[in-house]
Undergrad: 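Right, I'll just put the structure down here and ask away after.
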2 protein chains.
Amino acid sequence: MSTSTTDEEDRIDAVVKALNILEALWQADGAGVTALAERTGLAKSTVHAHLTTLRSKGYVVQEDDEYRLSLRFLSFGEHVKHAEPLYAASETPIAELSERVGERVLCSTHQNGLGTVVNVSEGTRSFTSDIDVGTHTYLHSSAGGKAMLAHFSEERIDRIIDEWGLPVFTEETIGDRDALVDELAAVREAGVAYSRGEYLQGISAIAAPIRDTDGTVYGAVTVAGPDHRLANEWEDRDLCTQLLSTANTIEVNLLFS
Amino acid sequence: MSTSTTDEEDRIDAVVKALNILEALWQADGAGVTALAERTGLAKSTVHAHLTTLRSKGYVVQEDDEYRLSLRFLSFGEHVKHAEPLYAASETPIAELSERVGERVLCSTHQNGLGTVVNVSEGTRSFTSDIDVGTHTYLHSSAGGKAMLAHFSEERIDRIIDEWGLPVFTEETIGDRDALVDELAAVREAGVAYSRGEYLQGISAIAAPIRDTDGTVYGAVTVAGPDHRLANEWEDRDLCTQLLSTANTIEVNLLFS
DNA sequence: ATCGACGTTCAGCAGAGCGGAACGATTTTA
DNA sequence: TAAAATCGTTCCGCTCTGCTGAACGTCGAT
C-alpha cells in the first residue's frame, strides 16, 4: 500500500518526516539509522534526531542494534478498532458466516477513499494471505471495495480516482475509469460485487455492502477464497443469500449501537 | 496512564506537539480544534496546522465537526501485536487457563519500564473493566508488573522508579520503595505475585512471570477477578499450579518461535 | 437581527530543524 | 594484527519553517 498521498498540502515538514520514519520502520519491521536514512531520503542526523524524539515519547524502542515501533501503538490500534461501530456489529455475524461457508470472511470499511479491514473471521479452509485486520486496500481492486464504491456518487468516485488512481495488480484488475463505472453499475444491479483475482492472483471474493436506510455506505462483508472453490460456488444462489443475510444482520446491529 | 515521560530530552518540538495532539485526540475520543488547543496548551492555529498535516497523511479524519484518529493506526497496532512473540505464544495457553478457572486471564510484557497488556482471554465469569489489550500499566501496582519486577536487577528497578515514580491508586497500592523491595523478595520466594486491590478497588489478581532459561523476563500471565472470588481461591494451591503451568507452556512456546 | 463559538486563514518574527562533516566504537577484511 | 569499512552519535551554522495572535467567515442559538 502506498504510504503517502499525492496531495501536496502537507504543512509541517518535521511531522511529515517523523511519520515517514514511522512508516519506514513499520515496513522494514525494525531498522537502523542508516537504513532509515536511505529509505526516507533524509540525512542520518535528521533521522537520529527524530528517533530520539520518538523514543523519548515512547513510540519507538531501541533494542538489538535497531529501532522498532513500540507497543504504544497497540493502545491506538485497539482504540480505533473499538471506536469503529462496525467492529462490534460484525463480530458475531461474520463468525457465523465463516463457520457456515468454511472460507475466510472479512468486514471492511472505507476512510479517505481507501478500504480498511476491520474484522476477520477465519474459516476451516482458510488460505494464508497477507490480508489481515488493519490492511489498507484500494477500493477499485477488491470485491468489498467495489461493493462500497458502487453506492457512492459519481463525483465522489471521481475524486477518489483522482486521489489514488487505479493501480493495476493483476491481469484482471480494472485499471480503466469507464470500465470501472460499467462494473459498478453491474454491482448495483446484482446487489453483490465479485472479484476474480483482481487484487491477488488466484484469489476470488464475493462482497455485499453494509448500508444505512438512507443509503450511507458503512462498509462491506467479503467472502474470500481460492478461485477454484469460489468460482464454482458463486453461481450458487445460496452463497449470495447467506452473504446478503449477514450484511443485513450487521446493518441491524449498527442501528442498536 | 501518563502521556509523557519526565525525560526532557525531547528534541524536535513540532513532532512532540503532533504526538501530544494525537494523544489528546485518543483520550478525548475525538475532539475539535478549540478543545484540543486547550488540552494541549497550544494556539488554535498551531493545532489546526498539525491536524491538517496529520489528515493529509491519513492519520486523522474529520467528520461530524470533529477530528478523530483514523484507522491507519489499526495497521500499526496489528503490526506490533504480531511482531511481539508473546502474542502468538500466549494465545492458546491463556485461552485454556481462562476456560478452566472461569476468570479473565491476561498476558502482558514490559517496555520502557511500563507494562503493556498483549493478549486477553475472557472467562465465563469475567467482570467488566477498562483493562484491555494495549493498556499500559505501572509495574509496581499490578500482580503482573510485580511478577516481572521481581526478577529485575536492583539498579534496573531503581531506574524505573526514578522515571515513573510509584503513584498510588488505592489504599493497598505500594507507594514506598523499601516496601516494594520487600514485596518483590516475597514474590521471588513464592514464585507468583499477588495483588489485592492495589490498582483497582475490589479487584484481585495472581500472576506468574514468563522467563527465559537465562533469567530474561519476557512478561507475565495474570488471572484477575473480584476480591471475594480470588481471595478465597489463592489459598488454593491448585490455582497457582495451573498458573505456573500456563506460564511454563508459554515459555516453551517462545523457544519455538 | 445580534451575539457567541467554532474552524479557518493570514503575516511576520524568532528560533528551531536540517544537513554535512567529524568523532568513537565496533565489526569486517586483508 | 592492523587497516578499513560501517554504524550510531554529536556538533555547528545557516536558512527557512513552524509558532503565535489577530482577523475573517460561517454556523447556531438566543
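Residue numbers start from 1 in every chain, and the chains themselves are labelled A, B, ... in the order their sequence lines are given, proteins ahead of strands. Owing to the predicted nature of the structure, the values given are computational and were not obtained by experimental measurement.
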Undergrad: Inspect the contact between B/Glu183 and B/Lys146 and indicate whether a charged nitrogen and a carboxylate oxygen are less than 4.0 angstrom apart.
TA: yes
Undergrad: Considering only heavy atoms and no angle criterion, is a donor-acceptor pair shorter than 3.5 Å present between the side chain of B/Lys44 and the base of D/dG21?
TA: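 There is none.
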Undergrad: Where the side chain of A/Ala14 is concerned, which of C/dC18, D/dT20, C/dG7 is the nearest nucleotide?
TA: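 Minimum distance to the A/Ala14 side chain belongs to C/dC18.
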Undergrad: Among C/dG19, C/dT8, D/dG18, find the nucleotide with the atom closest to the side chain of A/Ile12.
TA: D/dG18
Undergrad: Measure the distance from CG on A/Leu51 to C1' on D/dG8 and round it to the nearest whole Å.
TA: 11 Å
Undergrad: Using whole Å, what does the distance between atom P of nucleotide C/dG7 and atom CZ of A/Arg11 come to?
TA: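 After rounding, the reported distance stands at 17 Å.
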Undergrad: Could you tell me the separation between the CG atom of A/Asp65 and the P atom of C/dT26, rounded to a whole number of Å?
TA: 11 Å
Undergrad: Which is true for B/Glu66 with a 4.0 Å heavy-atom rule: it touches a base, it touches only sugar-phosphate, or it touches nothing?
TA: nothing
Undergrad: Do A/Arg39 and A/Glu23 sit within salt-bridge range, that is, some charged N less than 4.0 Å from a carboxylate O?
TA: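 Looking at A/Arg39 and A/Glu23, the cut-off is not met.
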Undergrad: Counting the atoms with a prime plus P, OP1 and OP2 as sugar-phosphate, which does B/Thr46 contact under 4.0 Å by heavy atoms, base, sugar-phosphate, or nothing?
TA: base
Undergrad: Would you check if the distance from the ring center of A/Tyr199 to the ring center of A/Tyr138 is below 6.0 Å?
TA: no
Undergrad: If you compare every side-chain N and O of B/Gln62 against the phosphate oxygens of C/dT8 (OP1, OP2), does one of them come in below 4.0 Å?
TA: yes
Undergrad: B/Asp13 has an atom CG; how far is it from atom P of C/dC18, in whole Å?
TA: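 So the CG-P distance, B/Asp13 to C/dC18, works out to 12 Å.
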Undergrad: Please give, in whole Å, the distance from D/dG8 P to A/Asp64 CG?
TA: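 My rounded result for the distance is 13 Å.
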Undergrad: Whether the side chain of B/Ser45 and the base of D/dG21 hold a donor-acceptor pair under 3.5 Å is what I'd like checked.
TA: yes
Undergrad: Mind calculating the distance between CZ (B/Arg55) and C1' (C/dG7) to the nearest angstrom?
TA: 11 Å
Undergrad: When the distance from CD1 of A/Ile21 to C1' of C/dG19 is rounded to whole Å, what number comes out?
TA: 14 Å
Undergrad: Using OP1 and OP2 only, check whether a side-chain N or O of A/Tyr67 sits under 4.0 Å from D/dT9.
TA: yes
Undergrad: Whole angstrom is fine here: how far is it from NE2 in B/His48 over to P in D/dA23?
TA: 19 Å
Undergrad: Taking all non-hydrogen atoms of both residues into account, name the closest pair between A/Phe76 and B/Leu22 and its distance.
TA: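 Taking A/Phe76 first and B/Leu22 second, the nearest heavy atoms are CE2-O, 4.1 Å.
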Undergrad: Would you call A/Glu66 and A/Arg68 a salt bridge, using N to O less than 4.0 angstrom?
TA: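 Yes, A/Glu66 and A/Arg68 are salt-bridged.
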Undergrad: Which of the following nucleotides, C/dC6, C/dG19, D/dT9, is nearest to the side chain of A/Leu42?
TA: C/dG19
